[in-house]
Amino acid sequence: MISGGGTGGHIYPAIAIANAFKARFDDAEILFVGAEGKMEMQKVPEAGYKIIGLWISGLQRRLTFDNLLFPVKLVNSLSKSAGIIRRFRPHAVVGVGGYASGPLLRVASRKGIPAVIQEQNSYAGLTNKLLAKKVQKICVAYPGMEQFFPANKIAFTGNPVRKDIVDLAGKKEAALKHFDLSDAPVLMILGGSLGARTLNDSMVLGLEKLKAEGVQVIWQCGKFYHAEMKQKLEASGDAKGILLFEFLKEMDLAYAAADVVISRAGALSVSELSIAAKPTIFVPSPNVAEDHQTKNAKALVDNDAAILVKDVEARDRLIDEAIALIHNQEKQERLSEKIKALAKPNAANEIVDEILKLIA
Ligand SMILES: CC(=O)N[C@H]1[C@@H](OP(=O)(O)OP(=O)(O)OC[C@H]2O[C@@H](n3ccc(=O)[nH]c3=O)[C@H](O)[C@@H]2O)O[C@H](CO)[C@@H](O)[C@@H]1O
């Protein structure tokens with residue numbers, strides 16, 4: 001049983017673990033438990049797995065009606081989790097962070113079912129910190145996580161990445177064809193699973209420069225911003241080679257097509273870009289707990305494996321920085337080599353190994 005979600009950064013590692021488990025045991029039964037109304041309720045069935053939703057959400061920092069409902073939701077979710085576990089009788093449960101993994105893993109551990117959590121970030125999320133005492137194993141993606149979790153429970157596996165992204169070699173030509181792009185340089189803009197206002201604004205401000213340089217763009221803007229960005233792109237006149245997407249389904253092909261990437265520093269984006277060995281400019285989101293995206297990006301930037309542009313500076317200089325990198329083949333190669341050295345492409349399999357050790 002796999003539980004958690006909320007954003008792509010929790011959902012896709014969960015799917016990668018499920019796929020790696022299925023690849024080893026084709027008769028394995030896997031059930032997901034997510035939060036009603038969240039992205040996982042759509043993305044998990046699209047990946048071919050069954051999911052049950054809990055009525056749960058996070059606590060807001062302000063006093064809201066939702067906060068008053070939180071204890072009711074929690075009791076409801078704990079009781080629903082107990083029912084789901086009683087019926088499904090899992091051999092092991094995995095929590096990937098996000099609201100739903102709290103109640104589910106809490107109940108599972110009370111029933112003595114082996115439990116693993118997977119922490120994607122270099123800074124531990126609240127749900128995972130609370131669960132750490134209850135579970136047997138904690139699979140992490142960054143060194144130094146002993147500051148949040150008991151050292152004897154930690155396994156340094158890396159983040160589990162979908163297999164089609166791990167297997168990018170030889171896909172470039174098919175990828176350019178898929179997106180109907182030429183062999184002129186391709187810049188990819190990745191705003192994380194929800195899209196990013198700063199990246200979108202920077203892109204709009206830099207559109208004319210990119211067109212003048214003949215740069216092609218795969219621009220993932222996020223569902224929330226799509227209508228506005230589409231209208232701005234159309235208003236800019238001829239936009240051949242500037243491709244706008246609300247959400248990219250074929251991430252493997254988008255990575256394969258890209259020469260240079262601008263990205264938020266969500267943990268999975270960082271892991272995927274390392275495996276894909278892409279020369280990347282990270283613009284960490286300033287709107288996340290404890291500024292953890294800056295910490296995610298810093299782990300690479302401090303090793304000269306990526307470039308960092310602060311969110312507040314992005315509108316002024318992000319696109320210039322990207323164009324300079326597009327023209328600097330030698331720097332692209334250096335960044336690509338260094339970022340690849342930090343990749344952990346076998347994470348999903350190592351996490352499956354950890355689960356199997358507990359079941360045994
Ligand atoms: C705003 C916010 O809370 N962000 C957090 C969220 O990020 P977010 O959900 O943006 O997650 P990540 O950047 O970690 O991962 C995004 C995932 O979505 C996939 N994808 C993305 C866009 C797209 O068009 N298609 C697609 O498939 C990517 O391939 C990747 O697998 O979870 C991460 C992991 O806990 C955290 O590090 C981030 O700080």
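Every number for a ligand or one of its atoms is a count from 1 in the order of the listing.
Heavy atoms of F247 found under 4.0 angstrom from ligand 1 belong to the backbone as well as the side chain. At a 4.0 Å heavy-atom cut-off, ligand 1 touches T7 through backbone and side chain alike. Contacts of N296 with ligand 1, taken as heavy-atom pairs under 4.0 Å, involve the side chain alone. Contacts of H292 with ligand 1, taken as heavy-atom pairs under 4.0 Å, involve the side chain alone. Counting heavy atoms closer than 4.0 Å to ligand 1, residue V288 contributes side-chain atoms (C-beta onward) but none from N, CA, C or O.
Of the candidates V261, L190, I339, K278 forms a side-chain contact (heavy atoms from CB on, under 4.5 Å) with just one, namely V261.
Aromatic pair Y142/Y123: ring centres not closer than 6.0 Å. In this structure, the ring of F245 has its center less than 6.0 angstrom from the ring center of F179.
Looking at R264, M39, E272 and measuring to atom 30 (C) of ligand 1, the nearest heavy atom belongs to E272. Taking each of S193, G266, A141 in turn, the one with a heavy atom nearest to atom 8 (P) of ligand 1 proves to be S193. Around atom 35 (O) of ligand 1, the closest heavy atom drawn from N121, I15, N287, V96 belongs to N121.
A pairwise comparison of heavy atoms in K153 and K134 identifies NZ-N, 4.4 Å as the closest pair.
Among all non-hydrogen protein atoms, the one lying nearest atom 4 (N) of ligand 1 is Q293 NE2, 3.7 Å.
Classified by interplanar angle (parallel below 30°, tilted 30° to 60°, perpendicular above 60°), the ring pair Y49/F32 is tilted.
Close N/O approach between A265 and ligand 1 is not found [any backbone or side-chain N/O within under 3.5 Å]. The shortest N or O to N or O distance between G9 and ligand 1 is below 3.5 Å.
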